[in-house]
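See below for the structure under consideration.
Residue indices begin at 1 and follow the sequence shown.
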Amino acid sequence: MKGFKDFLMRGNLVEIATGLIIATAFAAVVAAFTNFLLEAIGKATGGADFNFDDMTIGGFQTVGPLLTALVAFLIMAAVVYFGVIKPYQAMRERFVAAEEETTEENVELLREIRDELRAGRGRI
């Protein structure tokens, strides 16, 4: 029982479970946005239907659902990339660069203080 309790209380397990819950909720948002976007594109193009479920090519019935899933995937990938990844990268570059700059300034200031103390009072 102790091993099972240790397994459940690990920080990684809680973080993974939390990430999975958030990812599942986010997937629903992305799917809803994709459906909205497909509908908006259909209305903007005069009623184009992106539901290829009835399409058959060479006698294959599964071509239509494959094309529908492919279009939905491309839209979802674009939404995730431009709505999550790009803003995250921009924010990370902005804050990480600011932290590194501040850290370098602090190190340089501490070096100057050390040098002044050494020059004025002897070796530290």
Side-chain angles (χ1 to χ4, degrees):
M1 247 355 229
K2 182 182 181 323
F4 183 68
K5 179 183 172 190
D6 292 342
F7 171 73
L8 288 178
M9 299 309 289
R10 279 189 186 162
N12 291 347
L13 182 65
V14 173
E15 291 170 4
I16 290 170
T18 302
L20 183 61
I21 291 167
I22 295 298
T24 303
F26 184 69
V29 171
V30 171
F33 183 77
T34 301
N35 290 336
F36 166 76
L37 198 56
L38 286 172
E39 183 180 345
I41 291 171
K43 287 187 180 192
T45 59
D49 184 16
F50 288 98
N51 187 1
F52 303 113
D53 289 341
D54 297 333
M55 177 186 256
T56 59
I57 296 178
F60 291 100
Q61 296 287 334
T62 57
V63 173
L66 175 66
L67 290 176
T68 302
L70 183 62
V71 169
F73 171 77
L74 291 174
I75 291 172
M76 283 185 198
V79 168
V80 169
Y81 181 74
F82 291 109
V84 177
I85 302 298
K86 290 294 280 184
Y88 173 76
Q89 287 174 341
M91 182 179 63
R92 185 170 178 194
E93 288 174 7
R94 183 177 180 189
F95 289 116
V96 169
E99 287 176 7
E100 288 176 0
E101 184 178 303
T102 303
T103 304
E104 258 323 294
E105 290 173 5
N106 290 343
V107 169
E108 185 60 36
L109 182 60
L110 287 171
R111 285 182 182 145
E112 289 176 14
I113 292 170
R114 180 199 63 203
D115 294 342
E116 288 293 323
L117 287 171
R118 282 183 180 167
R121 299 182 192 217
R123 191 150 182 101
I124 294 180

Can you list, pair by pair, the side-chain donor-acceptor contacts under 3.5 Å of residues 17-31, counting residues two or more places apart and other chains?
unit_1, atom_1, unit_2, atom_2, d
Thr18, OG1, Val14, O, 2.8
Thr24, OG1, Leu20, O, 2.8

Identify all side-chain donor-acceptor contacts of residues 74-87 below 3.5 Å with residues at least two apart in sequence or on another chain.
none

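- Not counting sequence neighbours, the partners of Phe36 by the side-chain contact (heavy atoms from CB on, under 4.5 Å) test are Phe33.
- Listed by chain and number, the residues in a side-chain contact (heavy atoms from CB on, under 4.5 Å) with Leu110 amount to none (sequence neighbours excluded).
- For Tyr88, the side-chain contact (heavy atoms from CB on, under 4.5 Å) partners two or more places apart in sequence, or in a different chain, are Met91, Arg92.
- Note that CG of Leu117 and CD of Glu112 are 12.0 Å apart. Values are rounded to the nearest 0.5 Å.
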